[in-house]
Amino acid sequence: MSRRLMATTLAGVLAAVGLTTAPAHAAAPKQPSCDPGDCFTVNVSLDRAPAVGQTAKLTVEVTPKQDIPDATTIIELPETLRWATPPAGVARAAATIGRSPVDRATQTQRARAGRPIRYEGVVTAVTPGPASIRVQARDGRPGPSSDGLAYVTIGAESSVFGMPREGLGRRTDRPAAATSLARDTCVQGRVTYVRTDGSVGGVPMAEVDAFDTDTNGRLKLGWAETDASGDYKVCFPGTEEDGTGQDVKIEVSPANVYWTVGFSEKPDDVYTGESALTPDVPPGTSTTVIDYQSASGHPMEGAFRLHSAAYDTWKAYTGWLNEPADDCWKPGEQNCQSATLIWAPDKVLSTSYYCPGSNTDCLGRFQINLDASEQLEKMTVPHELGHFIMDYTYGAMPSDGAACGKHYITTPMRSTVCAWKEGWADWVAVQTYNETHYRWVTSAEDLESPRWFSEGWPTGVEAGKTEGRVAGVLIDLADSGTRDEKYWDIGGLGPEGIVDAFRKVAAQDLDHFLSTLGAQHFDLTQGAMFQNAIHTDHVENLADRHPARWPANVPLRTAFVTTPGKWHVVAAVTGPDGADVDLATTPNAGGDAVKSTDWTATSADFVAVQPSSATRNWFVNSVTSDTDYQEYAMEVTEAAAGNLEAGTPQEFPMAAGRLVEVRTTWMEKGVPATLTVVPRNGQDLDLFVMAPDSAAWGLPRSAARKSASGGPNKMERVTISDPKVTGLYAVIVVRKAGDGDVLLTRV
């Protein structure tokens with residue numbers, strides 16, 4: 001049998017039906033126990049802020065928290081710097097992030113816990129502008145990296161560490177919505193940004209302010225918000241005091257009434273980009289085009305990426321709300337709450353996080369603090385906005401009285417409350433992009449496919465405290481069609497159904513949330529919990545002559561009910577390329593299991609349940625294999641009415657997919673009998689005859705007389721020359737291949 005199952009509760013379930021376990025398979029290579037993104041500390045420093053033409057010594061120190069067999073360090077040098085002397089031993093290659101070239105230096109080596117790996121080199125400043133030296137440390141698994149950063153703003157004569165804050169904030173408020181001034185002139189254009197893959201996209205729902213800028217000073221003319229494509233149009237009085245046209249600049253900010261991207265906690269510290277001046281816009285026209293795109297590497301580029309990710313989340317979530325007349329995160333609010341995203345390209349955090357209230361790291365509620373690297377990530381903003389949505393919708397974040405701490409998708413957290421909060425946020429991020437994976441820049445974690453025996457994923461109680469398992473349940477409940485997995489992913493609620501249930505009750509954990517779906521979705525929710533290995537016991541009912549397929553070694557119990565006075569046969573088998581499976585059947589009321597363990601994968605194991613004069617009885621089955629998750633087919637068949645009589649053949653169909661058919665015949669002790677089965681359409685059939693046994697409720701395949709050597713299109717024959725008991729015998733036909741009619745005869 002297979003290696004030891006992954007949870008103690010699995011062993012208990014199998015033991016309950018009489019199955020035992022065998023030694024484990026050989027252990028896989030040991031993985032670090034630290035969570036990805038939390039396996040290293042990374043320190044990056046320059047001994048000076050070099051101006052153009054000057055050099056500086058760069059020092060990188062990567063310290064692993066555990067032994068890491070394949071620790072990889074990546075040092076990315078922006079185009080404003082170049083190596084005068086690169087660190088020894090690194091491999092270098094040109095790369096591009098968005099439209100920004102970088103010189104990428106990489107080295108992989110074995111790392112010992114607590115022993116720093118040191119890299120030293122000399123860089124030269126070559127052009128003015130921002131210089132972000134990003135260092136990543138990875139351990140070879142999917143997930144985020146451990147990051148470090150040195151950030152310099154390079155000048156022609158002098159440079160400074162960090163990002164200068166002056167000139168980045170929004171300088172004026174929006175004008176009143178109503179005005180008596182004639183709006184006879186308009187400018188229009190498009191606000192764009194460069195995505196991390198290098199493609200250009202419009203910046204949606206960004207604020208555009210138009211200013212008249214000339215020797216008389218600076219006058220705000222009007223404002224607009226970009227549409228979904230980044231297009232805008234601002235109209236204003238077109239004539240200056242001297243009769244000429246307005247001299248127009250536009251300023252663009254990643255801000256609207258639903259979210260804002262700023263560089264500090266101060267409300268007005270919002271990123272702002274400014275276009276070139278367009279003088280003398282012709283009065284009375286609307287053809288003047290003023291486009292805006294941030295400079296390569298400028299903080300606005302990162303701010304726009306984060307802003308656009310927030311738009312993706314807002315667009316998706318408000319669509320799931322199914323409230324077309326209300327675009328608020330929480331429908332029905334008179335003044336919709338805005339989320340504040342705090343990000344700076346020179347600000348390194350140990351992890352990005354959401355602030356549900358004032359604490360030492362947050363000045364206020366509804367604030368998201370982002371690490372510098374998050375401008376490159378696709379799903380961090382949707383994840384953190386998932387927390388904002390939960391906090392805003394529920395009026396408070398669920399709590400078990402203690403902080404949840406650092407977390408990773410596959411690692412159990414301290415409680416089911418923590419797993420629910422993070423799993424919900426993971427689902428919002430993945431569902432925003434209609435994805436199955438949580439993605440980082442260079443890796444991804446599959447949330448759809450993990451099931452029983454998925455390496456690195458917990459089961460049972462620990463699975464219920466794991467955010468990735470919670471997210472997997474939500475994904476399975478929402479998806480449908482080709483996205484459904486093979487066995488217990490029978491969802492189809494859509495994200496709208498998930499959000500509708502989410503809004504009904506301030507759920508404290510996943511079980512609480514699932515209870516809001518109601519009894520009508522019980523099978524759906526139980527299947528999803530079992531598919532994702534949170535529930536460690538699951539029952540599926542077998543229907544007469546309806547084959548089904550499931551995986552072996554999971555704690556699944558299949559059940560069937562018998563009819564008094566009837567033989568029943570339950571069978572299980574794999575396909576021609578599958579590993580062998582074994583079958584055990586047990587009375588639900590208790591008792592020893594009957595096991596069928598034919599060693600040939602393509603030969604069906606079966607258990608025959610003898611007729612009983614009592615009331616209907618329930619029986620449960622378990623199937624095991626040397627291969628975890630080996631798919632098998634299973635079928636239960638109840639004997640048809642009427643006995644097989646000598647000289648009166650019975651012909652019946654056995655369609656493709658069917659496993660077993662049972663008929664009955666009466667035999668007298670000592671009176672010989674011969675039975676044959678003939679395939680009408682070239683099938684390969686086996687024939688078994690099972691004698692009644694008053695000492696047992698059920699009998700395995702090995703207790704039957706059989707004929708199984710004929711092969712395709714051949715008759716099989718069983719002769720009972722000296723029946724030992726008088727009674728009702730079971731005549732069992734097993735279909736090995738083909739389909740069509742079968743002729744069963746007693747000679």
Side-chain angles (χ1 to χ4, degrees), residues 258-259 310 312-324 326-333 336-337 339 354 356 365-366 368 379 381-400 404 409 413 415-436 438 447-448 464-480 483 489 491-522 524-529 532 534:
Y258 303 117
W259 69 90
D312 292 340
T313 315
W314 172 85
K315 184 68 174 176
Y317 187 76
T318 55
W320 307 332
L321 288 169
N322 199 25
E323 298 275 356
D326 193 336
D327 288 336
C328 183
W329 304 99
K330 183 179 180 181
E333 295 287 283
C336 190
Q337 176 62 50
Y354 170 73
R365 191 177 171 192
F366 305 128
I368 295 169
M379 292 188 173
V381 168
H383 174 97
E384 300 303 336
L385 282 172
H387 291 314
F388 162 76
I389 290 167
M390 178 177 282
D391 188 17
Y392 186 26
T393 301
Y394 289 172
M397 291 292 279
S399 175
D400 59 2
C404 293
I409 285 172
M413 303 184 72
S415 69
T416 58
V417 177
C418 293
W420 164 238
K421 290 191 290 189
E422 296 300 335
W424 162 262
D426 290 342
W427 177 79
V428 169
V430 170
Q431 191 68 54
T432 289
Y433 297 105
N434 196 28
E435 276 269 21
T436 58
Y438 194 103
L447 300 184
E448 170 79 59
K465 296 188 289 186
T466 302
E467 62 179 279
R469 290 296 199 188
V470 172
V473 170
L474 297 177
I475 290 171
D476 287 345
L477 292 176
D479 64 13
S480 61
R483 284 274 300 274
D489 180 2
L493 298 176
E496 299 84 359
I498 300 298
V499 170
D500 180 63
F502 170 79
R503 294 174 56 202
K504 287 179 179 177
V505 176
Q508 293 297 300
D509 60 14
L510 179 61
D511 281 334
H512 190 188
F513 166 76
L514 294 179
S515 70
T516 67
L517 290 172
Q520 69 271 29
H521 295 305
F522 179 80
L524 184 153
T525 59
Q526 297 306 295
M529 292 287 272
N532 289 277
I534 297 176

Peer 1: Only pairs at least two apart or in different chains count here, so list each side-chain hydrogen bond (donor to acceptor under 3.5 Å, both in side chains) that has a residue in residues 382-392.
Peer 2: Glu333-Tyr392, Tyr354-Asp391, Arg365-Asp391, His383-His387, His383-Glu422, His383-Asp426, His387-Glu422

Peer 1: Contact between Trp314 and Asp327 at the side-chain level, heavy atoms closer than 4.5 Å - yes or no?
Peer 2: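 A side-chain contact exists here, since the closest heavy-atom pair is under 4.5 Å.
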
Peer 1: Does any pair with a residue in residues 497-515 pass side-chain hydrogen bond (donor to acceptor under 3.5 Å, both in side chains), and if so which ones, sequence neighbours excluded?
Peer 2: Thr416-Asp509

Peer 1: Please report the closest heavy-atom contact between Tyr258 and Cys328, naming both atoms and the distance.
Peer 2: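 In terms of heavy atoms, the two residues are closest at CE2-CA, 4.1 Å.
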
Peer 1: Identify which one of Val473, Leu474, Thr525, Val470 satisfies the side-chain contact (heavy atoms from CB on, under 4.5 Å) criterion when paired with Phe513.
Peer 2: Leu474

Peer 1: How long is the span from the CD atom in Gln431 to the CE atom in Met379, to the nearest 0.5 Å?
Peer 2: 10.0 Å

Peer 1: With rounding to the nearest 0.5 angstrom, report the NZ to CD distance, Lys330 to Gln337.
Peer 2: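 So the NZ of Lys330 and the CD of Gln337 are separated by 10.0 Å.
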
Peer 1: Taking atom OG of Ser415 and atom NZ of Lys421, what is their separation to the nearest 0.5 Å?
Peer 2: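 Separation between the atoms: 7.5 Å.
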
Peer 1: Tell me the closest heavy-atom pair linking Leu510 and Trp420, and the distance in Å.
Peer 2: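 The pair with the smallest heavy-atom distance is N-CB, 3.9 Å.
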
Peer 1: Within a strict 4.5 Å, meaning less than it, do heavy atoms of the Glu448 and Val430 side chains meet?
Peer 2: no

Peer 1: Which heavy atom in Ala478 sits nearest to a heavy atom in Pro495, and how many Å separate them?
Peer 2: CB-N, 4.0 Å

Peer 1: Do Phe502 and Ile389 touch side chain to side chain, with heavy atoms closer than 4.5 Å?
Peer 2: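 They are in side-chain contact.
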
Peer 1: Looking only at heavy atoms, which two atoms of Gly464 and Ile534 are closest? And how far apart?
Peer 2: CA-CG2, 3.9 Å

Peer 1: Given side chain to side chain contact (heavy atoms under 4.5 Å, CB included), test Arg483 with Ile475 step by step and report yes or no.
Peer 2: CA-CA 9 Å; Arg483 284 274 300 274; Ile475 290 171; 3.9 Å; yes

Peer 1: Side chains of Tyr433 and Asp312: donor-acceptor distance under 3.5 Å anywhere?
Peer 2: yes

Peer 1: Got a second to check how far Ile368's CD1 is from Trp259's CH2, nearest 0.5 Å?
Peer 2: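 Rounded to the nearest 0.5 Å, the CD1-CH2 separation comes out at 11.5 Å.
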
Peer 1: Between atom CG of Leu477 and atom CG of Asp489, what is the distance when rounded to the nearest 0.5 Å?
Peer 2: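 With rounding to 0.5 Å, CG (Leu477) is 8.5 Å from CG (Asp489).
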
Peer 1: Take Thr436 and Asp479 through the side chain to side chain contact (heavy atoms under 4.5 Å, CB included) test and state the conclusion after the steps.
Peer 2: CA-CA 10 Å; Thr436 58; Asp479 64 13; over 6 Å; no

Peer 1: Mind listing the closest non-hydrogen atom pair of Gly491 and Ser480 along with its distance?
Peer 2: O-CB, 4.4 Å

Peer 1: Let me see the working for Thr432 and Leu385 under side chain to side chain contact (heavy atoms under 4.5 Å, CB included), right down to the final yes or no.
Peer 2: CA-CA 11 Å; Thr432 289; Leu385 282 172; over 6 Å; no

Peer 1: Of the non-hydrogen atoms in Asp476 and Ala528, which two are nearest, and what is the gap between them?
Peer 2: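 In this case the closest contact between Asp476 and Ala528 is CB-CB, 4.3 Å.
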
Peer 1: Tell me whether the rings of Tyr317 and Trp424 are parallel (<30°), tilted (30 to 60°) or perpendicular (>60°).
Peer 2: perpendicular

Peer 1: Please test Glu496 against Leu321 for side chain to side chain contact (heavy atoms under 4.5 Å, CB included), starting from the C-alpha separation and ending with a verdict.
Peer 2: CA-CA 6 Å; Glu496 299 84 359; Leu321 288 169; over 6 Å; no

Peer 1: Would you say Asp326's side chain and Gly332's backbone share a donor-acceptor pair under 3.5 angstrom?
Peer 2: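 It does hold such a pair.
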
Peer 1: Determine the interplanar angle of the Phe366 and Phe388 rings, folded into 0 to 90°, and report it as parallel if under 30°, tilted if 30 to 60°, perpendicular if over 60°.
Peer 2: perpendicular

Peer 1: So, the side chain of Trp320 versus the backbone of Gly494: is there a donor-acceptor pair under 3.5 Å, distance only?
Peer 2: no

Peer 1: Quick one: are Pro398 and Met390 in side-chain contact, heavy atoms under 4.5 Å?
Peer 2: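 Result yes, sub-4.5 Å side-chain heavy-atom pair found.
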
